[in-house]
Amino acid sequence: QVQLVESGGGLVQAGGSLRLSCAASGSIFSINTMGWYRQAPGKQRELVAAITRGGSTKYEDSLAGRFTISRDNAKNTVYLQMNSLKPEDTAVYYCNAHVMSSSWYGRDYWGQGIQVTVSS
């Protein structure tokens with residue numbers, strides 16, 4: 001089994017910053033892509049950012065440089081630096097990781113979600 005534990009969320013004022021962390025533990029051979037998704041009230045879950053094992057990144061277009069994803073492969077941890085936060089960034093943020101439990105088997109795992117609330 002694999003667990004993804006998120007931390008770093010909370011309540012901030014508009015214009016502030018937060019850094020989310022997600023640490024994977026358990027039966028891990030390796031981790032391929034890791035990412036952050038979010039789900040705001042009344043909206044579908046959407047990809048915020050993703051990063052491959054080699055460091056290639058993808059961002060939701062509207063974030064336009066405010067968010068930065070990174071990872072530490074040695075720690076099985078992915079980070080999301082969120083700057084210039086806006087009220088519309090308010091959502092539950094979910095960590096995702098495609099975890100290989102062996103060289104031939106892998107599947108997606110999800111964190112429990114962490115609340116980010118940006119006040120105006």
Side-chain angles (χ1 to χ4, degrees):
Q1 62 185 52
V2 173
Q3 291 184 323
L4 304 180
V5 179
E6 299 127 324
S7 61
L11 173 65
V12 298
Q13 294 182 339
S17 297
L18 287 173
R19 190 174 80 152
L20 305 182
S21 299
C22 173
S25 62
S27 300
I28 300 171
F29 176 77
S30 65
I31 303 177
N32 293 334
T33 301
M34 304 184 79
W36 290 94
Y37 294 72
R38 68 185 183 185
Q39 188 164 20
K43 298 184 66 177
Q44 294 183 338
R45 188 175 300 186
E46 65 177 356
L47 175 69
V48 175
I51 183 168
T52 68
R53 185 166 54 198
S56 297
T57 58
K58 178 180 177 65
Y59 295 92
E60 198 281 316
D61 290 340
S62 67
L63 299 180
R66 296 189 297 115
F67 289 12
T68 302
I69 190 169
S70 61
R71 65 188 285 173
D72 185 335
N73 290 337
K75 296 182 181 295
N76 290 327
T77 299
V78 63
Y79 307 93
L80 184 68
Q81 179 67 45
M82 304 186 293
N83 298 325
S84 302
L85 284 162
K86 303 174 180 180
E88 52 262 44
D89 295 319
T90 295
V92 176
Y93 284 70
Y94 296 90
C95 178
N96 172 267
H98 188 81
V99 177
M100 304 298 297
S101 57
S102 71
S103 63
W104 54 270
Y105 180 79
R107 57 165 287 183
D108 281 353
Y109 289 88
W110 292 89
Q112 78 284 357
I114 188 165
Q115 180 70 46
V116 171
T117 302
V118 184
S119 62
S120 59

* Asked: Do we get R107 above Y109's six-membered ring, with its NZ or CZ under 6.0 Å from the centre and within 45° of the axis?
  -> yes
* Structure fact -> All heavy atoms of R71 vs all of N32, minimum pair found to be NH1-O, 2.6 Å
* To do: Compare every heavy atom of P87 with every heavy atom of S120, then report the nearest pair and how far apart it is.
  => CB-CG, 3.8 Å
* Asked: Same cluster for I69 and M82 if Ile/Leu/Val/Met/Phe/Trp/Tyr side chains link at under 4.5 Å?
  -> yes
* Asked: Do R45 and Y94 touch side chain to side chain, with heavy atoms closer than 4.5 Å?
  -> yes
* Can you check whether V118's main-chain N or O pairs, donor with acceptor, with T90's side chain at less than 3.5 Å? -> yes
* Asked: Passes side chain to side chain contact (heavy atoms under 4.5 Å, CB included), Q112 versus L4? Steps please.
  -> CA-CA 8 Å; Q112 78 284 357; L4 304 180; 6.0 Å; no
* Asked: Within the distance-only criterion (no hydrogens, no angle test), does the side chain of E6 pair as donor or acceptor with the backbone N or O of C95 below 3.5 angstrom?
  -> yes
* Determine, using the 4.5 Å side-chain heavy-atom cutoff (strictly less than), whether M100 and V2 are members of one ILVMFWY cluster. => no
* If you measure from CD on E46 to CD on Q44, what distance do you get to the nearest 0.5 Å? -> 9.5 Å
* Spacing of K58 atom NZ and T52 atom OG1 [to the nearest 0.5 Å] -> 12.5 Å
* Any chain of hydrophobic side-chain contacts (each under 4.5 Å) joining L85 to Y37? -> no
* To do: May I ask whether V92 and V116 are part of the same hydrophobic cluster, defined by side-chain heavy atoms of I, L, V, M, F, W, Y residues being less than 4.5 angstrom apart, directly or through others?
  => no
* To do: Search all heavy atoms of D89 against all heavy atoms of R66 and return the closest pair with its distance.
  => OD2-NH1, 2.8 Å
* Asked: I114, L80: one ILVMFWY side-chain cluster at the under-4.5 Å cut-off?
  -> yes
* Heavy-atom side-chain proximity of Y79 to D72 below 4.5 angstrom -> yes
Quiz: residues 16-31 side-chain donor-acceptor pairs under 3.5 angstrom, not counting sequence neighbours:
unit_1	atom_1	unit_2	atom_2	d
S17	OG	N83	OD1	2.9
S30	OG	R53	NH1	3.2

* Asked: Got a donor-acceptor contact below 3.5 angstrom from the E60 side chain to the L47 backbone?
  -> no
